Amino acid sequence: MKKSLLIITIALLTVLSTYSQNIEGKWNGILDINEVQLRVIFNISKNDKGYTATMDSPDQGAKGIPVSHISFNNSKLIIKISNVGINYQGEFNSEKFKGVFKQNGYEIPLTLSKKTAKKKSVKRPQNPIEPYPYYTEEVTFTNPTANISLCGTLSLPKKEGVFPVAILISGSGPQNRDEEIMRHKPFLVIADYLTRNGIAVLRYDDRGVGKSEGVFPKATSADFATDVESAVAYLKARKEINKNKIGLIGHSEGGMIAPMVASKSKDVSFIVLLAGTGMSGKDILLLQQQVIFKAGGMPQSKISKITQSNSEAYELIINSKNDNELKTNLSTIIEKSFKQTNRYIKANEEDKKELLRAHKKNSLAQFLSPWMKYFLKYNPIDDLENVKCPVLALNGGKDLQVPPIENIEAIKQALLKGGNKQVITKIYPELNHLFQECQTGLIKEYAKIEQTFSPVVLKDIKEWIINQPK
């Protein structure tokens, strides 16, 4: 009798223990990737057939990503998102799941809890603190070409007066008005500095980002140029703006877009190119990959294989006239490259196949996007030759994303060839792509650096703009 009662008690405790592990709800965690912290949220629900889930990545602006597989047995949680190669396995213990987050061969410890995940505080000493000693205004302007409204911040040295103005143009990828990256806000820092020194600044959310309308993934650099043109038209109608001193400051891809606009508009009186490009899209991407991989310690043999594979893919995209045929040919190249360069990846065969499927899907989406098709074919030289306004082109000597020597020289020669003699170029030896003082220039270093933007460069930009003819 006692033995029977003991068995029943153990069974009951097991049932109660399993029942108490209610995993429905939001499970929060933080991925720490080379000092970059990314919040992850798994939204888990239960129905008659079992569990379903979605994933949010708030810091990347992603929400409701469908989970392809979820199971919870014997305190072990398994979550898979096949289309992006995500696999999480964790074990429930003390109200938390402790496990490993895997994606594309990378493994990162990840603890999930129902408590809101809080990032570690980081020092960003250049971020200005309100109240500001100048006037700011939330503004909206319309791009009639795209039929969308764009939202941003106009900062003026004073509420009343007439001032020169600079429009800030962000780099590639969806960016908010501060061009926020790794908790750095370079455009906020630039806007604050210039406005304190008598120069108005307009910065805005990219289309489809923040409060701006539009669909970012469907847009090309040429589309983004029409957004800038709309910003210029808006400022021309503001009584506080000196119509003869409307300029553009473009960073990275923004440094490519600025000449596109300035070459066609007499309303642009100056442009500042921060890590702007002077090479075709295909050439800059191939050079960028080689430089970054080499700096990261990748063997030259692997670099050569990746470069060759990407070069073949880029050529197909540039010359293709049939999308279906292009997709088939790209798929072959992607699969061949994956097998060549990832043969030593630590994963079982099933996981390798899943990684390949995710890699192929993501690569095809990137290669076949309107932005990539346009970017690969575009060469900035023609537009640079047609820029007649003063140009200040600046690059960081340790920039691995837009290698400085090749690009700054190409920009200079194109401007001079077009007859523009109002050109100043400069390379800052110790700065990276974000114009931070750095050690290596590697992307993983960006988040570790407290400085957001070099004070020396800020001063140079300010003085150059102020000294432009009225």
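Since the model is a prediction, treat every value here as computed from it, not as a measurement.
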Salt bridge between [X] and [Y], side-chain N to carboxylate O under 4.0 Å?
X	Y	value
K327	D323	no
E91	K98	no
K360	E335	yes

If I compare all heavy atoms of [X] with all of [Y], which pair ends up nearest, and what's the gap?
X	Y	value
N197	Y193	ND2-O, 2.8 Å
S221	F375	OG-CD1, 4.5 Å
I249	A166	CD1-CB, 3.7 Å
A295	L400	CB-CD1, 3.7 Å
V84	N362	CA-ND2, 3.9 Å
Q401	Y446	OE1-OH, 2.6 Å

Are any non-hydrogen side-chain atoms of [X] and [Y] less than 4.5 angstrom apart?
X	Y	value
H251	L434	yes
I461	L394	yes
I306	M298	yes
S212	I148	no
L112	Y88	yes
I317	L326	yes
S252	V402	yes
S230	P144	yes

When you look at [atom1] of [X], are more than 12 heavy atoms from neighbouring residues, nucleotides or ligands closer to it than 6.0 Å?
X	atom1	value
K96	NZ	no
K377	NZ	yes
N147	CG	no
K119	NZ	yes
K114	NZ	yes

Quiz item: Are F224 and F216 close enough that their ring centres sit under 6.0 Å apart?
Solution: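 Between F224 and F216, the centre distance is under 6.0 Å.
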Could you check whether any side-chain N or O of [X] sits under 3.5 Å from a backbone N or O of [Y], counting only pairs where one atom can act as donor and the other as acceptor?
X	Y	result
S68	K80	yes
Q290	T307	no
E179	G171	yes
D59	R39	yes
E315	S311	no
S337	I333	no
D192	L188	no
N143	A146	yes
D56	P58	no
N176	G210	no

Practice problem: Check step by step if side chain to side chain contact (heavy atoms under 4.5 Å, CB included) holds for K302 and F293. | Solution: CA-CA 9 Å; K302 190 170 183 178; F293 293 152; over 6 Å; no
To the nearest 0.5 Å, what is the distance between [atom1] ([X]) and [atom2] ([Y])?
X	Y	atom1	atom2	result
D399	I292	CG	CD1	8.5 Å
M256	S172	CE	OG	9.0 Å
S320	L368	OG	CG	9.0 Å
R203	T153	CZ	OG1	4.5 Å
L110	Q89	CG	CD	12.5 Å
E253	I284	CD	CD1	12.0 Å

Quiz item: Side chains of D223 and T226: donor-acceptor distance under 3.5 Å anywhere?
Solution: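 Their side chains do not contain a donor-acceptor pair, so the 3.5 Å distance test is not met.
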Exercise. Would you please say whether a donor-acceptor pair under 3.5 Å links the side chains of T116 and N28?
Key: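 Side-chain D/A pair, T116 to N28: absent.
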Quiz item: Which of parallel (below 30°), tilted (30 to 60°) and perpendicular (above 60°) describes H359 and F338?
Solution: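 Rings of H359 and F338: tilted, 30 to 60°.
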Practice problem: List the steps, then state whether side chain to side chain contact (heavy atoms under 4.5 Å, CB included) holds for V201 with I190. | Solution: CA-CA 9 Å; V201 176; I190 294 171; 5.8 Å; no
Quiz item: Can you check side chain to side chain donor-acceptor pair (under 3.5 Å) on Q289 and N310, steps first, answer last?
Solution: CA-CA 10 Å; Q289 291 157 17; N310 284 337; 2.9 Å; yes
Quiz prompt | With V139 via side-chain contact (heavy atoms from CB on, under 4.5 Å) - residues at least two apart | solution =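 Residues passing side-chain contact (heavy atoms from CB on, under 4.5 Å) with V139: E137, L154, L202, Y234, R238.
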Quiz item: Only one of L287, V291, D283 clears side chain to side chain contact (heavy atoms under 4.5 Å, CB included) with E406; which?
Solution: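 That would be L287; it is the only one of L287, V291, D283 passing the side chain to side chain contact (heavy atoms under 4.5 Å, CB included) with E406.
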Using residues 447-457 as the side-chain source, report each donor-acceptor pair under 3.5 Å to any protein atom, sequence neighbours left out, with the distance given to one decimal.
from	atom 1	to	atom 2	distance (Å)
Q451	OE1	E437	N	2.8
Q451	NE2	E437	OE2	3.2
T452	OG1	H184	ND1	2.8
S454	OG	V456	N	3.2
S454	OG	V457	N	3.4

Practice problem: Walk me through it: do R177 and F187 pass the test side chain to side chain contact (heavy atoms under 4.5 Å, CB included)? | Solution: CA-CA 7 Å; R177 66 190 70 185; F187 276 14; over 6 Å; no
Exercise. Please lay out, stage by stage, how Q308 and S304 fare under the test side chain to side chain donor-acceptor pair (under 3.5 Å).
Key: CA-CA 6 Å; Q308 181 181 353; S304 298; over 6 Å; no
Quiz item: Run the side chain to side chain contact (heavy atoms under 4.5 Å, CB included) check on M279 and Q288 step by step: do they pass?
Solution: CA-CA 11 Å; M279 307 168 68; Q288 178 189 91; over 6 Å; no
